[in-house]
Amino acid sequence: MKKEDIDITDWARILFGEAEPLYLLEVVVRVAIVYIIILVAIRFMGKRMSSEMSRADMVARVCLAAAVGLPIQRPGRGLLVALVMVIVIVIVGRWIAQLVFYKRGIEKVFQGKHGILVEDGIMNKDLMKTMYLTRERLFAALRKEGIRHLGEVKRLYIEANGAFSLVEKKEPKPGLCIIPDVDADLHDKQQFTTEKVCSSCGRHALEKEKCNCGSTTYEHAL
């Protein structure tokens, strides 16, 4: 489009673009067909596409969206090209799923591997730093599971797809409180112990002043 063709009062162009208004009826048909194509494609890619996505599933969804986008928006683009692209995406997606299922090494390449964020009530600060995972986001994931302090946590994993998995301790010990200070009413009602833990990682206070994580700040455990 040339500069002189731009007119902010040209509502016909703003609403309908360069296509004829009658093209809106064709868009209805195109969207309906594309919807069915995507529905069938997801069905053939398996139940994984309907559950939490792996990296390969996420790529497949993005490719599906890219494949069907232009045929809906551009009158000159036919649907057969998009259909061929969708078929290729489904075939490649199922092939990768089979490789991942039968070969564990390939699974690690495509899906990544899990990490341990909390081990026996102590946060893995090095892993959190590598993943740019803030302490508040980790605490939010634990609070969602009903956890009040790190002493209740045996393991907290971050899975390959980014989800959190919690293993609680059968016999909780005092640990770092994860109730936010902003909720002063609930925070002040907690029964804190005389034991102290590192405010940064949750490790119980050592004889030396500096914690293994480098912090020198301690607080009473819950």
Side-chain angles (χ1 to χ4, degrees), residues 1-115 117 130-134 136-138 140-145 157-166:
M1 177 180 290
K2 297 180 181 180
K3 184 178 180 179
E4 53 270 19
D5 294 332
I6 299 177
D7 182 6
I8 61 174
T9 62
D10 187 0
W11 289 103
R13 180 185 58 80
I14 293 174
L15 294 176
F16 300 106
E18 297 179 352
E20 294 295 329
L22 190 60
Y23 177 64
L24 290 178
L25 295 178
E26 185 178 325
V27 167
V28 174
V29 177
R30 285 175 177 251
V31 170
I33 295 175
V34 165
Y35 180 86
I36 295 173
I37 291 175
I38 294 178
L39 198 62
V40 173
I42 292 177
R43 168 64 181 84
F44 277 105
M45 294 192 77
K47 289 185 174 63
R48 296 176 301 105
M49 290 289 285
S50 302
S51 60
E52 292 186 356
M53 292 186 294
S54 65
R55 293 176 183 175
D57 298 330
M58 186 180 299
V59 170
R61 287 195 179 187
V62 172
C63 290
L64 283 174
V68 301
L70 280 178
I72 293 177
Q73 302 175 24
R74 301 292 295 273
R77 295 295 182 95
L79 292 176
L80 282 181
V81 175
L83 179 60
V84 171
M85 294 173 68
V86 169
I87 291 174
V88 172
I89 293 169
V90 171
I91 293 174
V92 173
R94 290 183 66 87
W95 175 65
I96 291 177
Q98 290 178 356
L99 285 178
V100 168
F101 182 78
Y102 289 109
K103 297 185 178 182
R104 187 171 180 81
I106 294 180
E107 179 182 12
K108 291 181 179 180
V109 172
F110 282 103
Q111 315 292 8
K113 57 182 180 180
H114 70 271
L117 292 172
T130 301
M131 303 180 65
Y132 299 103
L133 179 68
T134 64
E136 286 307 315
R137 184 183 173 193
L138 185 148
L142 289 173
R143 288 193 293 266
K144 188 177 180 181
E145 299 295 331
Y157 301 99
I158 184 164
E159 305 296 348
N161 62 359
F164 296 100
S165 297
L166 172 67

Peer 1: Please determine whether the number of non-hydrogen atoms from other residues, nucleotides or ligands lying under 6.0 Å from atom CG of Leu80 exceeds 12.
Peer 2: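 No.
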Peer 1: State which residues pass side-chain contact (heavy atoms from CB on, under 4.5 Å) with Ile38; sequence neighbours excluded, sorted by chain then number.
Peer 2: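 Listed in chain order: Val34, Ile42, Val68.
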Peer 1: Determine the sole option in Glu159, Glu145, His114 for which the side chain to side chain donor-acceptor pair (under 3.5 Å) test with Ser165 is passed.
Peer 2: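 In the set Glu159, Glu145, His114, the residue that makes a side chain to side chain donor-acceptor pair (under 3.5 Å) with Ser165 is Glu159.
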Peer 1: Considering non-hydrogen atoms only, spot the tightest contact between Ala67 and Ala82 and give its length.
Peer 2: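 In this case the closest contact between Ala67 and Ala82 is O-CB, 3.5 Å.
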Peer 1: Looking at Leu64 and Ile89, what are the two nearest heavy atoms and their distance?
Peer 2: N-CD1, 3.8 Å
Peer 1: How about Arg137: does its CZ atom have over 12 heavy atoms from other parts shown lying under 6.0 Å from it?
Peer 2: no
Peer 1: Nearest 0.5 Å, please: how far is CZ in Phe164 from CG in Leu138?
Peer 2: 6.0 Å
Peer 1: For the atom pair CD1 (Ile37) and CG (Leu83), what is the distance rounded to the nearest 0.5 Å?
Peer 2: 5.0 Å
Peer 1: Got a second to check how far Lys144's NZ is from Leu166's CG, nearest 0.5 Å?
Peer 2: 12.5 Å
